[in-house]
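Below is one structure, written out as structure tokens; comments come after it.
Counting begins at 1 with the first residue of the sequence. Below, all heavy atoms of this structure are taken into account, side chains as well, without hydrogens, waters or symmetry copies.
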Amino acid sequence: MKREANMAGGLFSSKRFLLLMIVFLMAGTVLFLTLSQSTAEVNKSTHLQQNVVVGEPKKNAGYLIKDQLPADERITEKPIQRKIEIPVHKPAVRRKNIVDNSGAMLYLQQYRDLFDARADLSNVDPNKNSTIVKWWQAAAMIDWYIHSPIRYKCENRVAVGNWHICQDSKYTIKPPCLVYSFGINFDFSFDDAMTKLGCEVHSFDPSMDKETHRRENNSTFHNLGLSNTNTDGFLPRKDGYVNKPQVWKMRTLKSVMKELGHEEKVIDVLKIDIEGHEWAVIDNMMETGVFKYVRQFMLEFHLFPDWPVKEDYVNLYQIYTRLREMGFSEYAVGPHPKTLKEDKFNNQGDSEYVNIFFEQNNNLEL
């Protein structure tokens, strides 16, 4: 009997010991899980403080970057590399030449007094394109552009026929060099001077009614005109240079460069004097991106009494503005006599530019 009692007491002690062991193990497990969760929260908090949003892409310099997963969610011991997704069409970075046109306010006031005396100029800002909305406002701004102070001081301006080139170090014209000259009217003085300098020269003028040929000085004349479209059946308007019906072959500058094997080559000097067609041509050159190949640019602007029509003046002003802002800075201007009467309005001028954003890089061949 006593033996059975002792055995019962021993059994009870063993059960109590096992129960205590189970309690201690459960308490240890709970404590371990609590500490692990706290450590994970600390790691996650630190990760978030580093400005990384898990699972969402962030924008960075035009690309989408997917971030690494936090340490407690990794399924491999190897570091996860950032994945860079490059967009198919990355927009080009366009540089803009900031131009101060505050001086144009005097021209706007003069034109207001001449053409619309009751007009209010309080909302017109010559430095904001959107505020120029009337034909005479656009005409005043174009007049300012033709007469405004030069924006690049050329230290070495050299006469070449009836134009000039700037021979400063960054813009020096020397062989091998390529010259396009549009608008000749039998005056090859500029073209011949550039040929003597050692350049490859191409002269264009369909109004002369001469066939394409190689000239004696090895320059080339082309019976071809410059336009914003390609056509073999252009009918020109009658003016001082065209007094009988003609049919012209016309090409865009991009097409001319392709046909002559000059794609992506530098045009060291581009001269355009095409009696009012320059506006549409310049707009097309901007759209097709060929201006980046032009080192120096000679241009004669035309506003005739009957053409272009005054309804287009605001658009013409915007084209002229974009040309100045995209990096073409005048080193010389030559205003012509003007007529400031609405029914006989006429304004013309010559400008000689350097492309201040021109870059001679590896993909521009000479």
Kindly give the cluster partners of [X], where membership spreads through any ILVMFWY side chain lying under 4.5 Å from a current member.
X	answer
Val247	Leu235
Phe221	Ile184, Phe186, Phe188, Met208
Val133	none

Looking at residues at least two apart in the chain, or sitting in another chain, which of them share a side-chain hydrogen bond (donor to acceptor under 3.5 Å, both in side chains) with [X]?
X	answer
Ser148	none
Gln246	Trp248
Ser181	Asp191, Lys271
Asn217	Asp192, Ser219

Side-chain heavy atoms nearer than 4.5 Å, only ILVMFWY residues, links allowed to pass through others: does that put [X] and [Y] together?
X	Y	value
Ile142	Phe304	no
Val333	Met298	no
Met250	Val290	no
Leu260	Leu270	yes
Val314	Met286	no

Verify the ring-centre separation between [Y] and [X]: is it less than 6.0 angstrom?
X	Y	result
Tyr171	Tyr331	no
His262	Tyr293	no
Phe115	Trp135	yes

In Å, rounded to the nearest 0.5 Å, how long is the span from [atom1] of [X] to [atom2] of [Y]?
X	Y	atom1	atom2	result
Asn101	Tyr107	CG	OH	12.0 Å
Lys254	Met285	NZ	CE	12.5 Å
Phe345	Leu340	CZ	CG	5.5 Å
Glu325	Asn129	CD	CG	6.0 Å
Asp350	Ile146	CG	CD1	9.0 Å
Thr231	Lys249	OG1	NZ	11.0 Å

Could you tell me whether the side chain of Glu278 and the main chain of Gly276 form a donor-acceptor pair under 3.5 Å?
->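 Checking the backbone N and O of Gly276 against the side chain of Glu278, a donor-acceptor pair under 3.5 Å is found.
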Check for a donor-acceptor pair, side chain of Asp268 on one end and backbone N or O of Arg295 on the other, with a separation under 3.5 Å.
->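 Not at all, since once roles are kept as given, no pair shorter than 3.5 Å links the two residues.
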Grab the two heavy atoms, one from [X] and one from [Y], that are nearest each other, plus how far apart they are.
X	Y	value
Asp100	Trp144	O-CZ2, 4.4 Å
Pro305	Lys310	O-NZ, 3.7 Å
Val124	Asp120	CG2-O, 4.4 Å
Asn346	Pro337	ND2-O, 4.1 Å
Ala138	Ile132	N-CG2, 3.6 Å

Do the charged groups of Arg151 and Glu330 touch, with an N to O distance under 4.0 Å?
->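 Glu330 and Arg151: salt-bridged.
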Which pairs with one or both residues in residues 221-230 pass side chain to side chain donor-acceptor pair (under 3.5 Å), sequence neighbours excluded?
->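 Every side chain to side chain donor-acceptor pair (under 3.5 Å) pair that includes a residue of residues 221-230, provided the two are not neighbours, is His202-His222, Asn230-Ser255.
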In chain order, what residues pass the salt bridge (charged side-chain N to carboxylate O under 4.0 Å, His left out) check against Arg112, with sequence neighbours excluded?
->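 Salt bridge (charged side-chain N to carboxylate O under 4.0 Å, His left out) list for Arg112, sorted by chain: empty.
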Taking salt bridge (charged side-chain N to carboxylate O under 4.0 Å, His left out) as the test, write out the residues that go with Asp209, two or more places apart.
->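 For Asp209, no residue satisfies salt bridge (charged side-chain N to carboxylate O under 4.0 Å, His left out) once neighbours in sequence are set aside.
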Contact check, side chains of [X] and [Y], non-hydrogen atoms, under 4.5 Å:
X	Y	value
Glu342	Trp136	no
Asn355	Lys292	no
Asp312	Trp279	no
Val256	Leu224	yes
Phe357	Met326	no
Arg237	Asp306	yes
Asn284	Leu253	no
Ile272	Ile282	no

Around atom NZ of Lys196, are there more than 12 heavy atoms of other residues, nucleotides or ligands at under 6.0 Å?
->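 No, the 6.0 Å shell around NZ holds no more than 12 heavy atoms from other groups.
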Does a donor on one side chain and an acceptor on the other come within less than 3.5 Å for Tyr111 and Asp143?
->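 Yes, because at least one side-chain N or O of Tyr111 sits under 3.5 Å from a partner of the opposite role on Asp143.
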Under the salt bridge (Lys or Arg N to Asp or Glu O under 4.0 Å) criterion, do Asp283 and Arg322 qualify, and how do the steps go?
-> CA-CA 9 Å; Asp283 192 36; Arg322 283 158 52 204; 3.2 Å; yes
Ring pair (Phe, Tyr, Trp, His ring centres under 6.0 Å) between Phe291 and Phe328: does it pass, once the steps are laid out?
-> CA-CA 9 Å; Phe291 263 124; Phe328 284 90; 5.0 Å; yes
Show the numbers, then the answer: is there a side-chain contact (heavy atoms from CB on, under 4.5 Å) between Tyr180 and Leu226?
-> CA-CA 11 Å; Tyr180 280 6; Leu226 189 61; over 6 Å; no
Which donor-acceptor pairs under 3.5 Å do side chains of residues 154-168 form with protein atoms, sequence neighbours excluded?
residue, atom, partner, partner atom, Å
Arg157, NE, Glu352, OE1, 3.3
Arg157, NH2, His164, ND1, 2.9
Arg157, NH2, Glu352, OE1, 3.3
Asn162, ND2, Asp187, OD2, 3.3
His164, ND1, Glu352, OE2, 3.4
Gln167, OE1, Ile173, N, 2.7
Gln167, NE2, Ile173, O, 3.2
Asp168, OD1, Glu155, N, 3.1
Asp168, OD1, Asn156, N, 3.0
Asp168, OD2, Tyr152, OH, 2.7
Asp168, OD2, Glu155, N, 3.1

Take Lys170 and Phe358 through the test side-chain contact (heavy atoms from CB on, under 4.5 Å) and record every step on the way to the result.
-> CA-CA 9 Å; Lys170 184 178 179 180; Phe358 178 83; 5.7 Å; no
Check side chain to side chain contact (heavy atoms under 4.5 Å, CB included) between His277 and all other residues, then give those that pass, not counting sequence neighbours.
->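 Partners of His277 by the side chain to side chain contact (heavy atoms under 4.5 Å, CB included) criterion, ordered by chain and then number, come out as Phe234, Ile274, Trp307.
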